[in-house]
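Since we're looking at a predicted model, the values are computed, not measured. Proteins come first, then strands; the chains are lettered A, B, ... in the order of their sequence lines, and each starts at number 1.
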2 protein chains.
Amino acid sequence: MVQVAEQPDTRTRIVASTCELYRRQGMAGTGLKQIAQAARAPFGSIYHFFPGGKGQLTEEVIRSWGLMYGDLVAQVFDSAPDLPTAIEWAFAGAAESLAVTDYVDGCPVATVALEVASTDETLRLATADVFTDWIDLGVKRFEYTGLPQAKLRELVIGFVTSLEGAFVLCRAMRSTEPLHAAGKVVLAAAHAALAEVAEED
Amino acid sequence: MVQVAEQPDTRTRIVASTCELYRRQGMAGTGLKQIAQAARAPFGSIYHFFPGGKGQLTEEVIRSWGLMYGDLVAQVFDSAPDLPTAIEWAFAGAAESLAVTDYVDGCPVATVALEVASTDETLRLATADVFTDWIDLGVKRFEYTGLPQAKLRELVIGFVTSLEGAFVLCRAMRSTEPLHAAGKVVLAAAHAALAEVAEED
DNA sequence: GTCTATAAACCGATAGAC
DNA sequence: GTCTATCGGTTTATAGAC
């Protein structure tokens, strides 16, 4: 069978387009009509695949992004020889990706999280689940370092918060400096924690 | 002259109410009618005081918040005996304020920044100016530490990004843990930087 | 300056033909 | 599954009375 310029199915295109639009302009700033147009899908298809409307579509965007980005970071982590290198690579990669995409390539979860944290409990829980999963994933990945559990968790949370906060400043200032600076700060904290463990031996 | 329960003038109430609503639900999620109602002002007064409409009102909210929050942080910094204590107090204060307000009391600049970074150049510049001012203010305040300029700037940017990112996670997870963890990470980085300078003596 | 009414466009959501 | 038409409500913005 010959396949010419195959494109993902309608449902997949809707989710992908929604995600992309949310990254640039947030949820409230994105209309369903705009989503349908971007996904090259008829308007009715949105309600066909997501009978729960915008809320259901948004929740799927949040959770699927959580899995995708979690996998991406896990790959970076797994290919890095140690914790400090993993931190360096993650921030450097984020900075490059942001610059290449003209500073639109932020995190859709953070944008939506700020919008819904006080207005939509279902979606707030979805964003919280994503952040919790990312933290657990990071902690599990670096347990081998021998850092005390509490210290490791603190460091991983600091990693995620720094990354998310740096995205905000980078996109606003159209500069990668905040990501580089945030990376250095997290790196310094990691080195300090590792040195403390090494001393005990 | 006797003054009974004096309330701020209409214009001030409009800006304050807009700021509060933006903190909870962002700019796109907030309607001008809702703002008028919250400010107990007639709808027409918004366009009377802000002929430029929502854009002009939003820019004033962003810039005035930048000044207010900059002053607040400057007060915390000035009352702290040294850099590490200033960092601890700032994160602890933010965490307390967030918990007390039921996780509503985030940063309006960050929310709006993510919404407009790729859609409204005028407002993007306003958010960038605020972040730049905060960074410059922090650098100037701690020049006395003797840290090299680049290292100090890196640390201050890490401070701001960690604070903003932690706000996102705290509001999503309804927990102050991210702010506490982020504070610890920035603190560790500050200690490491200061120790490096001390060694040179 | 204060307030109301309304225009014109857009929103999310639904119904129903095909 | 695809697509269109439309409903009721909301949005920003304006016009004009008081």
Undergrad: Base, sugar-phosphate alone, or nothing: which one does B:F50 contact when heavy atoms must sit under 4.0 Å apart?
TA: nothing
Undergrad: How close or far is atom C1' of D:dT12 from atom CD1 of B:I14, stated in whole angstroms?
TA: 15 Å
Undergrad: Would A:R153 and B:E177 pass as an ion pair if we require N to O under 4.0 Å?
TA: yes
Undergrad: Mark yes or no for whether B:E115, through its side chain, and A:G29, through its backbone, hold a donor-acceptor pair below 3.5 Å.
TA: no
Undergrad: Measure from CD on A:Q34 to P on C:dG12 and round the result to the nearest Å.
TA: 9 Å
Undergrad: Rounded to whole Å, please give me the gap between CD in A:Q37 and C1' in C:dC11.
TA: 15 Å
Undergrad: Which part of the nucleic acid, if any, lies within contact of A:F43, taking any heavy atom under 4.0 Å across all strands shown: a base, the sugar-phosphate backbone alone, or nothing?
TA: base
Undergrad: What's the NZ-C1' distance between B:K54 and C:dC10, to the nearest Å?
TA: 13 Å
Undergrad: To the side chain of B:F49, which of C:dA13, D:dT12, C:dT2 is closest?
TA: C:dT2
Undergrad: What's the closest nucleotide to the B:H48 side chain, out of D:dT6, C:dG1, C:dT14?
TA: C:dG1
Undergrad: Step by step, work out the ring-ring contact (aromatic ring centres under 6.0 Å, His included) result for B:F142 and B:F159.
TA: CA-CA 13 Å; B:F142 290 109; B:F159 171 87; 8.3 Å; no
Undergrad: Among the nucleotides C:dT14, D:dA13, D:dT6, which one has an atom lying closest to any side-chain atom of B:L32?
TA: D:dA13
Undergrad: Calculate the interatomic distance between A:Y47 atom OH and C:dG12 atom P; express it in whole Å.
TA: 7 Å
Undergrad: Distance check, rounded to the nearest 0.5 Å: B:E164 atom CD versus A:F167 atom CZ?
TA: 15.0 Å
Undergrad: Could you tell me whether A:K151 and A:E154 make a salt bridge, using a distance below 4.0 angstrom between a side-chain N and a carboxylate O?
TA: yes
Undergrad: When the distance from NZ of A:K33 to P of D:dT10 is rounded to whole Å, what number comes out?
TA: 16 Å
Undergrad: What is the distance from CG of B:D9 to P of C:dG1, rounded to the nearest Å?
TA: 10 Å
Undergrad: Ignoring backbone atoms, test whether A:T10 places a side-chain nitrogen or oxygen under 4.0 Å from the OP1 or OP2 oxygen of D:dT2.
TA: yes
Undergrad: Using atom CD of A:Q25 as one end and atom C1' of C:dC11 as the other, report the distance to the nearest whole Å.
TA: 14 Å
Undergrad: Identify which nucleotide among D:dT12, C:dG12, D:dT2 has an atom closest to any side-chain atom of A:P42, counting heavy atoms from C-beta outward.
TA: D:dT2
Undergrad: With a non-hydrogen cut-off below 4.0 angstrom, is B:G44 in contact with a base, only sugar-phosphate, or nothing?
TA: base
Undergrad: Report the nucleotide, chosen from C:dT2, D:dT2, C:dA13, that has the shortest atom-to-atom distance to any side-chain atom of A:S45.
TA: D:dT2
